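One-based numbering along the sequence shown. Keep in mind that what you see is a predicted model, and the values were worked out from it rather than measured. Worth knowing before you read on, the calculation uses all heavy atoms, side chains too, and leaves out hydrogens, waters and symmetry mates.
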Amino acid sequence: MRLGVDIGGTKTDVVLVHAGAIVARHRTPSGFGPDAVIAAATSAVDVVLAEGGVTWDRIEAIGIGVPGE
């Protein structure tokens, strides 16, 4: 299982992937300020893991994308 986290300026998109197929996905507004962005990302990860019925010990890799220059 792999976890992908895309933190954008307006939305945070998290996917759980296994064998090339999306198992679970959750999108949420990113919020404003560092605390809101972290809360949105961690909450979205929790939702995806719960929807996929997966615990952290089954995650093989995590990819995170954030905006920047």
Which side-chain hydrogen bond (donor to acceptor under 3.5 Å, both in side chains) pairs, counting each pair once, include a residue from residues 5-15, with sequence neighbours left out? D6-K11, T12-S30, D13-R25, D13-R27

Among residues two or more places apart or on two chains, list those pairs meeting side-chain hydrogen bond (donor to acceptor under 3.5 Å, both in side chains) that have a residue in residues 31-49. none

Honestly curious: do [X] and [Y] fall in one hydrophobic cluster under the side-chain, below-4.5 Å linking rule?
| X | Y | value |
| --- | --- | --- |
| L49 | I64 | yes |
| V45 | M1 | yes |
| I62 | V54 | yes |

Holding to side chain to side chain donor-acceptor pair (under 3.5 Å), I want the full list of residues that pass it with R58, two or more places apart in sequence or in another chain. none

Using side chain to side chain donor-acceptor pair (under 3.5 Å) as the criterion, list what pairs up with T55, not counting sequence neighbours. D57

Report the residues that fulfil side chain to side chain contact (heavy atoms under 4.5 Å, CB included) with V48, sequence neighbours left out, ordered by chain and then residue number. L3, V14, L16, A24, H26

State the CZ-CD1 distance between R2 and I59, to the nearest 0.5 angstrom. 11.0 Å

Grab the two heavy atoms, one from [X] and one from [Y], that are nearest each other, plus how far apart they are.
| X | Y | result |
| --- | --- | --- |
| P67 | I7 | CD-O, 2.8 Å |
| T28 | A40 | CG2-O, 3.9 Å |
| G31 | V37 | O-CG2, 4.1 Å |

Co-members of the apolar cluster containing V17 [side chain, <4.5 Å]: V15, I22

